[in-house]
**Student:** 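Below is the structure I would like to discuss, written out as structure tokens.
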Amino acid sequence: MQSQSMNNTAVDLRRIFEAQNLSVYYGNSIALRDVTLNILEGKITAFIGPSGCGKSTLLRCYNRTNDLIPGAEVKGHLTYRGKQLYDKTVDPVVVRRKIGMVFQQPNPFPKTIYDNVAYGLRVNGMKQNLDEVVEKSLRKAALWDEVKDKLKTLGTSLSGGQQQRLCIARAIAVQPDVILMDEPCSALDPISTMRIEELMKELKQEYTIVIVTHNMQQASRVADYTAFFNAEALDGGKRVGYLVEVDTTDKVFSNPADQRTRDYVSGRFG
Amino acid sequence: MTLAEQSTGYQRSQGLEKRNSTARVLDVGFWGLTLLLAIGAGAVLIWVILQTADSAMPAIRAFGPGFIFGTTWNPVTNVYGVLPQIYGTLITSFIAVALAVPLGIGVAIFLTEGFAPKWVTTPIAFAIELIVAIPSVVLGIWGIFVLIPAIRPFFRFLNANFGWIPIFGGGTPRGNNLLLVGLVLAIMIVPVIISITRSTFEVLPRDMRTGSLALGATRWETILRVLIPAGLSGIISSVMLGLGRALGETMVSAMLVGNANRIDISWLQPGTTITALIASQFGEAGRTQVAALMYAGLVLMILSLVVNILAEVVIRRFQNVE
Ligand SMILES: Nc1ncnc2c1ncn2[C@@H]1O[C@H](COP(=O)(O)OP(=O)(O)OP(=O)(O)O)[C@@H](O)[C@H]1O
Ligand SMILES: [Mg+2]
């Protein structure tokens, strides 16, 4: 039913990701159950919900970084622009080139600022106009002015907020189609957070963004759509995450369809 | 402020004075002890060097720096020089490092980067650590009775087919030679390189790998372009440790190098090393020769020191670049 409302409000918008009854297992315990959810092109979609409800897990499905976790298994149906993402013929390396990711902890490589941004270009053989692309990416990430005189210093020597913007620059340098962000501001101060939020709105012109956040204000400030996830205990005491509802951010925060969502967004949640 | 408040404030500021307890005495005592031990370790090193230099003094006076360039070792006429030994030491250590480094890094990557499940890698890692426990005299005997017969055909093959390359040239190889020593030394130092490189890789953050893979890099690109540069200082220190071991290893060299006092460009011919010279001559050495052997030992210590300093300089360079 939740996808229904999304379909109605967004008939004219392209669906980048379509998940149907998607479940994720780690070893033999289920972490995320039966998610049916669409991600729309050129929009920012926020994932919110209590810790452990599978937000990061779902995010990792989109660029197949779940493949890197031993024992992780994805079941169900997930398409990227109409193509089955978990088809045997799909090369995850190519998928990850098109679908960039920014992590919770800034994770620049122990290389120079320049080499950090150029890294994705180099491994993908996009070696023309390196200087130009590096500058453009740093500008887009609102970092250029702060680092233009020290491109040859280590990326790891920047402040946390600058490092996170460097990671964003690194991700957009390869011109991905989608950018996935897993709590990108959780390690940052309010000012850096604000800059990154502004940046997201900027980037929306060109990219589709999916962001996981624990900060409700952040979701309501930046996201067009918000998906609320929750977790419930199974018989064995293990917890499994599921999607409660997804709708426009306005609707989710002001007039959600589900009581659990209402409790969560109003702060009355467990 | 009421009187009561003042008095609690006063009470809280109590106890800031220096503790006059046993804890403090222990603190100071422990500090003194560690300082003493640290100085002791340095002092022992300096004492050994000075003592060696002192015993070598007659030879140092007699031969001076020319000792390093001399090529004869003649106890009858008491003319001594260690150029062939320096040459053999450097060549065998070079071969050992050249073989052990790629192998060691490769195995360390295999063991840490998820190429095989834990139940495969754990016993392999354990077995490798056990190599360190083999006494070098056992390796020497193994070299003589097992390795030489097994590898001689390979040496002959190299000599027959690639003899035009100077390092494989010369007469038909018999078995004892520089390459053989290099090989066995490589076996000895490879576990050192593996275990240090492995622990270097193990502490690199997981996010660093995922970050690279998430940009569309393959596993190999991630290893070559991110992990190895990030772990470079650890890798280099493992190589330095291994090199130090190869330079100073005695038993293997003495038993396998062939003890021929000559400089041959070919690795397939017998040669000698400083350690092999000392080990083989010391037993029946007269006074002057003992001094010369001490001098040779001093040269070896200085050689190790120079190599270590050079390596340190190289590391500094690399760290500034990366
Ligand atoms: N690498 C992993 N191996 C095994 N189980 C995992 C792994 N990663 C996550 N899980 C499990 O999957 C469930 C969902 O985790 P996930 O990290 O997706 O939650 P989350 O919603 O992102 O939580 P948070 O808000 O705390 O980041 C949890 O129960 C967690 O224990
Ligand atoms: Mg998470």
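Naming convention: chains lettered A, B, ... in sequence-line order (proteins, then strands); numbering from 1 in each chain.
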**Student:** Would you say CZ of B/F115 has more than 12 non-hydrogen atoms from neighbouring residues, nucleotides or ligands within 6.0 angstrom?
**Tutor:**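 Above 12, so yes.
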**Student:** Between A/I99 and chain B, which part of the residue has a heavy atom less than 4.5 Å away: side chain, backbone, both or neither?
**Tutor:** backbone
**Student:** Looking at B/P229, is its backbone amide N or carbonyl O close enough to the side chain of A/K111 to form a donor-acceptor pair, meaning the two atoms are under 3.5 Å apart?
**Tutor:** no
**Student:** Is it true that atom CD of A/Q175 has more than 12 heavy atoms of other residues, nucleotides or ligands lying nearer than 6.0 Å?
**Tutor:**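 Count not over threshold, so no.
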**Student:** Which value, rounded to the nearest 0.5 Å, describes the distance between A/M101 atom CE and B/L213 atom CG?
**Tutor:** 12.0 Å
**Student:** Could you look at B/R209 and say if it's the side chain, the backbone, both or neither that has a heavy atom under 4.5 Å from chain A?
**Tutor:** neither
**Student:** Output the option from A/L68, A/D91, A/N63 having the highest count of non-hydrogen pairs under 4.5 Å with chain B.
**Tutor:** A/L68
**Student:** Around B/F94, counting heavy atoms of other residues, nucleotides and ligands shown, do more than 12 lie under 6.0 Å from its CZ?
**Tutor:**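 Open: at most 12 neighbouring heavy atoms sit under 6.0 Å from CZ of B/F94.
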**Student:** Restricting to non-hydrogen atoms, name the atom on B/G216 and the atom on A/V93 that form the minimum distance, rounded to 0.1 Å.
**Tutor:**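 In this case the closest contact between B/G216 and A/V93 is O-CG1, 3.2 Å.
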**Student:** How far apart are the closest heavy atoms of A/F103 and B/G211, and which atoms are they?
**Tutor:**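 For A/F103 versus B/G211, the nearest heavy atoms are CE1-CA, 3.8 Å.
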**Student:** Is any side-chain heavy atom of B/E221 closer than 4.5 Å to a side-chain heavy atom of A/R122?
**Tutor:** no
**Student:** How long is the gap from CZ on B/R206 to CD1 on A/I69, to the nearest 0.5 Å?
**Tutor:**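 That separation rounds to 9.0 Å.
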**Student:** So which of B/L227, B/V226, B/T222 actually passes side chain to side chain contact (heavy atoms under 4.5 Å, CB included) with A/F109?
**Tutor:** B/V226
**Student:** Of all heavy-atom pairs between A/P110 and B/M208, which one has the smallest distance, and what is that distance?
**Tutor:** CD-CE, 3.5 Å
**Student:** For chain B, which candidate among A/N124, A/V174, A/L180 shows the most heavy-atom pairs at distances under 4.5 Å?
**Tutor:** A/N124
**Student:** Is it the case that more than 12 heavy atoms not belonging to A/N28 sit under 6.0 Å from its CG atom?
**Tutor:** no
**Student:** What part of A/Q104 is in contact with chain B, defined as an atom under 4.5 angstrom from a non-hydrogen atom: side chain, backbone, both or neither?
**Tutor:** neither
**Student:** Should we count CD of A/E202 as having more than 12 external heavy atoms under 6.0 Å?
**Tutor:**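 Not buried by this count: 12 neighbours or fewer within 6.0 Å.
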**Student:** Is it the case that atom NZ in A/K98 sees more than 12 heavy atoms from other parts of the structure closer than 6.0 Å?
**Tutor:**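 No, because the 6.0 Å sphere around NZ of A/K98 holds 12 heavy atoms or fewer from other groups.
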**Student:** Taking all heavy atoms of B/D207 and all of A/N107, pick out the closest pair and write down the distance.
**Tutor:**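 Looking at all heavy atoms of both residues, the closest pair is O-ND2, 2.8 Å.
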**Student:** Show the nearest heavy-atom pair for residues B/L215 and A/R97, with the distance to one decimal.
**Tutor:** O-CG, 4.0 Å
